[in-house]
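Here is the structure we will look at.
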Amino acid sequence: VQLQASGGGLVQAGGSLRLSCAASGRFFSSYAMGWFRQVPGKEREFVSAISWNDDIPYYADSVKGRFTISRDNAKNTVYLQMNSLKPEDTAVYYCARAFRLNSDYPYEWHYWGQGTQVTVSS
């Protein structure tokens, strides 16, 4: 399984970015997908996840109301729409795939993408 994240960049505070993560492999629609982020010197933190069934979204409190996760199973792609960005959102963002097929939240994550840098200037 390969996960290719893209869409990061430099944006001013209050701006928006849309991250994409294209996944290879079979049965994409049967796996929960997620986004995490990491800044140097800190642990990777959960940002958002979307279920394999009914596209149920989950969000960290820090991004609720600003970020929206979605998926397009026909394109094997998961998205993260990020609005009202803040400097504290600056990080490398990683997409991930759940370990188990048809699993329920909370998910165990197994496959990770290479990350895309998001920088929010004040």
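One is the number of the first residue; the rest follow in order along the sequence.
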I need the [X] [atom1] to [Y] [atom2] distance, nearest 0.5 Å.
X      : Y     : atom1 : atom2 : value
Ser84  : Phe67 : OG    : CZ    : 9.0 Å
Tyr107 : Phe46 : OH    : CZ    : 9.0 Å
Cys21  : Met33 : SG    : CE    : 4.5 Å
Arg44  : Tyr93 : CZ    : OH    : 13.0 Å

Is a donor on one side and an acceptor on the other found under 3.5 Å between the side chain of [X] and the backbone of [Y]?
X     : Y     : value
Ser48 : Tyr58 : yes
Asp54 : Ile56 : no
Trp35 : Ile69 : no
Ser24 : Gln2  : yes

Does the side chain of [Y] come within less than 4.5 Å of [X]'s, by heavy atoms?
X     : Y     : result
Thr90 : Val39 : no
Tyr79 : Leu19 : no
Thr68 : Asn83 : no

When you look at Arg66 and Met82, which way does the side chain to side chain contact (heavy atoms under 4.5 Å, CB included) test go after all the steps?
CA-CA 6 Å; Arg66 300 188 298 121; Met82 305 187 295; over 6 Å; no

Shortest non-hydrogen contact from [X] toward [Y]:
X      : Y      : result
Ser70  : Val78  : O-CG2, 3.1 Å
Pro87  : Ala13  : CD-CB, 4.1 Å
Ala32  : Trp109 : O-CZ3, 3.8 Å
Leu10  : Ser121 : CD1-CB, 4.4 Å
Val11  : Leu85  : CG1-CD1, 3.6 Å
Leu101 : Ser30  : CD1-CB, 3.3 Å

Applying the 4.5 Å side-chain criterion to the ILVMFWY set and letting contacts propagate, would Ile50 and Trp52 be lumped into a single cluster?
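Ile50 and Trp52: separate clusters.
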
In terms of relative ring orientation, are Phe36 and Trp112 parallel, tilted or perpendicular, with 30° and 60° separating the classes?
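Rings of Phe36 and Trp112: perpendicular, over 60°.
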
Begin from the C-alpha positions of Gln81 and Ser16 and carry the test side chain to side chain contact (heavy atoms under 4.5 Å, CB included) through to its verdict.
CA-CA 7 Å; Gln81 178 67 45; Ser16 298; 3.9 Å; yes

Do [X] and [Y] form a cation-pi contact, if we require the NZ or CZ to be under 6.0 Å from the six-membered ring centre and within 45 degrees of the ring's axis?
X     : Y      : answer
Arg71 : Phe28  : yes
Arg37 : Tyr94  : no
Arg97 : Tyr111 : no

Ionic contact status for Asp89 with Lys86, cut-off 4.0 Å
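Result for this pair is no, no salt bridge flagged.
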
Run Thr77 and Asp72 through side-chain hydrogen bond (donor to acceptor under 3.5 Å, both in side chains) and show every step you take.
CA-CA 5 Å; Thr77 300; Asp72 185 339; over 6 Å; no

No-hydrogen, no-angle side-chain donor-acceptor test under 3.5 Å, Asn102 and Arg100
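Checked: Asn102/Arg100 side chains show no N/O donor-acceptor pair below 3.5 Å.
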
